[in-house]
Amino acid sequence: MAQSVEEQIQQFQNGLERRNPGETEFHQAVAEVAGSIIPFIQDKPLYREMRILERLAEPDRIIIFRVCWEDDAGNTRVNRGYRVQNNNAIGPYKGGLRFHPSVTLSILKFLAFEQTFKNSLTGLPMGGGKGGSDFNPKGKSDNEIMRFCQSFMTELRRHIGPDIDVPAGDIGVGAREIGYMFGQYKRLTNEFTGSLTGKGLEFGGSLIRTEATGYGAVYMLDNMLQAAGNSLDGKRVAISGSGNVALYAAEKARHLGGKVVSLSDSSGSIYDPEGIDEEKLSYMVDLKTVRRGRIDEYAKEFGTEFYAGKRPWHIQCDVALPCATQNEVSLKDAKTLLKNGCIAVSEGANMPTEQAGIDAYLEAKILFAPSKAANAGGVAVSGLEMSQNSARISWKEEELQDLLRNIMSDIHERCAENGREGDYINYLRGANIAGFIKVADAMLAFGIV
Ligand code: NDP
Ligand code: 2IT
C-alpha cells in the first residue's frame with residue numbers, strides 16, 4: 001500500500017535523525033521544511049525520484065579545524081572553527097560566520113540549510129553556507145579579537161573566495177571582526193577581492209549592509225500588514241536582541257509609525273511603554289556597538305523597567321520581531337503573545353520560534369513571516385556587495401534602499417503566491433516552496449551529482 005504523506009514525512013525525518021544523531025537544531029530546521037516540501041512534491045515525481053530534498057539536507061562539504069591563538073596574558077587558547085558548505089546549485093556558497101560559545105555543528109548545519117532556501121528567495125545567484133566558532137568574543141580585548149580572527153582566517157582562506165564561498169557576519173561577528181578577517185585574507189592571498197561581505201566602506205563594503213537585515217524584517221512585516229489591509233502606524237512593537245538586526249529593526253519600525261517598546265540582551269529585557277524614540281535609540285546604539293555594555297544601563301538611564309533574565313514576550317504588543325537567536329520564543333511565549341493580541345510576527349533572527357510556537361501562530365491565523373523570508377534583506381545586500389565588488393563600483397544609498405525595498409516586496413509576493421490557503425496566507429509554506437523550486441530545478445539540470 002502506498003505511504004500516506006504523514007508516513008513519508010516521518011520516514012524522511014527518521015532517516016535524517018539516524019544519520020545526524022543528536023543534532024537537534026538541524027533536525028528542527030529540516031523538519032520545518034520537510035513539512036511543506038513533502039506534500040508539495042507528491043505530484044512531482046522528478047523531484048522525488050531525484051531525491052532533491054534528501055540531497056539538500058546532506059551538506060556538500062563540512063570543514064572543521066582547530067583555531068589556536070594567544071590571549072593577552074600569554075596563554076595559548078584553543079577553539080574549533082567550522083564552515084558548512086550546504087549547497088552551491090545556484091551560486092557560490094554564501095552565509096555568515098557566528099562566534100558564540102553555544103556554536104556546535106548542529107547549529108551551523110541548521111543555519112547553512114536555512115540559508116540555502118533564504119538565498120534562493122532573494123532572487124540573487126547565491127548558494128547556502130554558514131560557519132563560525134565556539135569562541136566567545138565577550139570580554140576580549142581588541143587585540144585578542146584580532147589574533148583570533150587572524151588565526152581563524154589562516155585556515156578558512158583555503159576554502160573560500162569570491163567565486164567559491166563568501167562569508168559575512170552573524171552573532172558575534174560585525175564590522176570589527178570582518179575587518180580583521182579581510183585583512184588577513186588579503187595578506188595571505190595577496191588578492192583584493194570580494195571574499196567577504198559586510199566590509200568597511202573604505203575597502204569595498206556596501207552602503208546599507210549594516211542596516212539591511214533589520215530594515216528588511218520590518219519591510220516584510222509592513223508588506224504583510226498592507227496585504228491584510230492594515231499598517232504599522234501606531235502599533236506597539238516588541239523586539240528581542242539589541243545587536244545588529246534588532247537595532248536597525250527598531251529604527252525602521254519607528255520610521256514606519258510603530259512604537260518600539262522593548263529590546264533585550266542575554267541578561268534580560270527592557271520595557272519602555274513610552275516608546276524608544278530617536279534619542280533613546282542612539283543611546284542604545286552607542287551602548288551596544290561602541291561601549292559594548294549591558295542593557296540594564298538603558299533602564300537606569302531612562303528610568304524604565306528591566307526584567308533580569310527574561311525575554312520580552314510577556315510585554316503587551318501588537319507585533320513582535322524576535323531578533324536575538326534560535327528558539328527564543330517557546331510555545332508558552334507564543335501563546336502569551338497571542339493572548340495579548342499580537343497580530344503579526346516577523347523573524348529577524350534565524351529560527352527564533354520553536355516549531356510548536358509556529359504551529360500556534362498558524363492555527364491562530366496571525367501574520368507570520370518565517371526567518372528565511374523575513375531576514376533575507378541582510379544577505380540580499382551582501383549579494384549586492386558582491387556585485388559591486390566584481391564590477392569595481394559602488395552604488396549610491398538611494399539605489400540600494402530601492403533595491404532592498406523591491407527585493408523584500410518580491411519575497412513577500414513569492415511567499416504569498418505559494419502560500420495561499422483560502423483567505424489566509426501561510427508565508428511559511430510559501431517561503432519553503434518558493435525557495436525550494438529554484439534550487440531544485442538547478443539541481444535537476446545537473447543530473448546526479
Ligand atoms: P549580534 O551579535 O549583533 O546581536 C545578537 C543579540 O542577540 C545580542 O543582543 C545578544 O545579546 C542576543 N543574543 C545572542 N545570543 C543569545 C542567547 N543565546 N540568548 C539571549 N540573547 C542572545 O547578532 P545579529 O544581530 O547579527 O544576529 C541576531 C540574529 O539575527 C541571529 O539569529 C542571526 O543568525 C540573525 N541574522 C543576522 C543577520 C545579519 O546580517 N547580521 C542576517 C540574518 C539573520 P548579548 O550581547 O548579551 O549576547
Ligand atoms: O543569516 C544570515 O542571513 C546572515 N547572517 C547574513 C549572511 C550574509 O552572507 O550576509
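Computed from a predicted structure; not experimentally measured. Just follow the structure's listing: the first ligand is 1, and inside any ligand the first atom is 1. We use all heavy atoms of the structure for the numbers below, so side chains are in, but hydrogens, waters and symmetry mates are not.
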Close-contact set for ligand 1 against [X] heavy atoms, below 4.0 Å:
X	answer
K138	45 (P), 46 (O), 47 (O), 48 (O)
G241	9 (O)
R98	31 (C), 32 (O), 33 (C), 34 (O)

*Hey, which atoms in ligand 2 end up nearer than 4.0 Å to a heavy atom of G96?*
7 (C)

*Element-labelled atoms of ligand 2 that are located less than 4.0 Å from some non-hydrogen atom of G95*: 7 (C), 9 (O)

Can [X] and [Y] be counted as having a side-chain donor-acceptor contact under 3.5 angstrom?
X	Y	value
T116	N86	yes
K94	T197	yes
S133	N79	no
N350	N375	yes

I need the nearest protein heavy-atom contact for [atom]: residue, atom name and distance, please.
atom	value
atom 23 (O) of ligand 1	I171 CA, 3.4 Å
atom 3 (O) of ligand 1	N244 N, 2.9 Å
atom 10 (O) of ligand 2	S382 OG, 2.5 Å
atom 4 (O) of ligand 1	G243 CA, 3.3 Å
atom 9 (O) of ligand 1	S242 N, 2.9 Å
atom 17 (C) of ligand 1	T325 CG2, 3.6 Å
atom 28 (C) of ligand 1	A324 O, 3.3 Å
atom 3 (O) of ligand 2	K118 NZ, 2.7 Å
atom 9 (O) of ligand 2	K94 NZ, 2.6 Å
atom 47 (O) of ligand 1	S266 OG, 2.5 Å
atom 6 (C) of ligand 2	R209 NH2, 3.5 Å
atom 43 (C) of ligand 1	T213 CG2, 3.4 Å

*Can you sort out the partners of D333 under side-chain hydrogen bond (donor to acceptor under 3.5 Å, both in side chains), two or more places apart, ordered by chain and number?*
R311, S330

Applying a 4.0 Å heavy-atom criterion (strictly less than), which segment of [X] is in contact with ligand 1: side chain, backbone, both, or neither?
X	answer
Q326	neither
P352	neither
V245	both
C323	backbone

*asked:* Checking F135 against F152 for the ring-ring contact (aromatic ring centres under 6.0 Å, His included) test, could you report, in this order, the C-alpha distance in whole Å, the side-chain angles of both residues, the deciding distance, and whether it holds?
replied: CA-CA 10 Å; F135 172 72; F152 182 83; 9.2 Å; no

If we only count N/O pairs under 3.5 Å, is [X] in contact with ligand 1?
X	answer
N375	no
S267	no
K130	no
K118	no
G169	no

*asked:* Does the Lys NZ or Arg CZ of K252 fall within the cation-pi geometry relative to Y215 - under 6.0 Å from the ring centre and within 45° of the axis?
replied: yes

*Within a radius of less than 6.0 Å around CZ of R291, do more than 12 heavy atoms belonging to other residues, nucleotides or ligands occur?*
yes

_Mode of E385 contact toward ligand 2 - side chain, backbone, both, neither (heavy atoms, under 4.0 Å)_ = neither

*Of the backbone atoms (N, CA, C, O) and the side-chain heavy atoms from C-beta on, which set of T213 has a member under 4.0 Å from an atom of ligand 2: side chain, backbone, both, or neither?*
neither

Has [X] got any heavy atom lying under 4.0 angstrom from an atom of ligand 2?
X	answer
G169	yes
E114	no
K130	yes

*asked:* Please check whether V166 reaches ligand 2 - meaning an N/O of the residue sits under 3.5 Å from an N/O of the ligand, judged on distance alone.
replied: no

*Quick check: does any side chain N or O of E328 sit under 3.5 Å from a backbone N or O of A324, one acting as donor and the other as acceptor?*
yes

*Can you list the steps and then say if E305 with K310 is a salt bridge (charged side-chain N to carboxylate O under 4.0 Å, His left out)?*
CA-CA 12 Å; E305 292 286 342; K310 277 191 125 174; over 6 Å; no

_Please enumerate all residues that pass salt bridge (charged side-chain N to carboxylate O under 4.0 Å, His left out) together with D318, with sequence neighbours excluded._
R236

*Note, M386 side chain near L124 side chain (heavy atom, < 4.5 Å)*: no

*D265 and R294: salt bridge (charged side-chain N to carboxylate O under 4.0 Å, His left out), yes or no, with the steps?*
CA-CA 7 Å; D265 66 16; R294 307 310 291 158; 3.7 Å; yes

*Pairing of E278 and R254 as salt bridge, 4.0 angstrom limit*: yes

*asked:* Can you tell whether the side chains of R77 and E144 come within less than 4.0 Å, N to carboxylate O?
replied: no

*Check each of A212, A168, G129 against atom 8 (C) of ligand 2 and report the one with the nearest heavy atom.*
A168

